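Everything quoted here is computed from the prediction, not taken from an experiment. The basis for the numbers below is simple: all heavy atoms, side chains too, and nothing from hydrogens, waters or symmetry mates.
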Amino acid sequence: MRILTALGGNALLRRGEAMTAENQRKNVRVAAEALAPLGRAHQLIISHGNGPQVGLLPSRRGLREGRRVSARRAGRPDGGG
């Protein structure tokens, strides 16, 4: 069986954790260990879930340039959370 899973958002950061590469690596390791049995028994496809890590990239760029970036421009077509 082919199984598709997306890791992002809560799989990479726990509530209240700082958005650091170290925290995300630690959490993705936990997720990968949980998914490993599926990968041994099935074709496992892992994708990034386009969580806050990806959505914040454009807004960080805008903040560095000294201007505000709306949620819509930051990659959220619905403009919401």
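- Closest approach of Ala18 to Leu13, counting heavy atoms only: O-CD2, 3.4 Å.
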Any chance you could lay out the side-chain contact (heavy atoms from CB on, under 4.5 Å) test for Lys26 and Glu17, step after step, and finish with the verdict?
-> CA-CA 11 Å; Lys26 176 187 69 172; Glu17 280 185 327; 3.1 Å; yes
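- Counting all heavy atoms, side chain and backbone alike, Leu7 lies closest to Leu12 at O-CD1, 4.3 Å.
- A donor-acceptor distance shorter than 3.5 angstrom exists from the side chain of Asn27 to the backbone of Asn23, with no hydrogens or angles considered.
- Here the CD1-CG distance, from Ile46 to Leu35, works out to 5.5 Å after rounding to the nearest 0.5 Å.
- Contacts of Gln43 classified as side chain to side chain donor-acceptor pair (under 3.5 Å), with partners at least two apart in sequence or in another chain: Arg2.
- Between His42 and Met1 the shortest heavy-atom distance is CB-O, 3.1 Å.
- Of the inter-residue distances, the one linking Ile3 atom CD1 with Leu38 atom CG reads 4.5 Å to the nearest 0.5 angstrom.
- In terms of modelled atom types and a separation under 3.5 Å, the side chain of Glu33 and the main chain of Val30 share no donor-acceptor contact.
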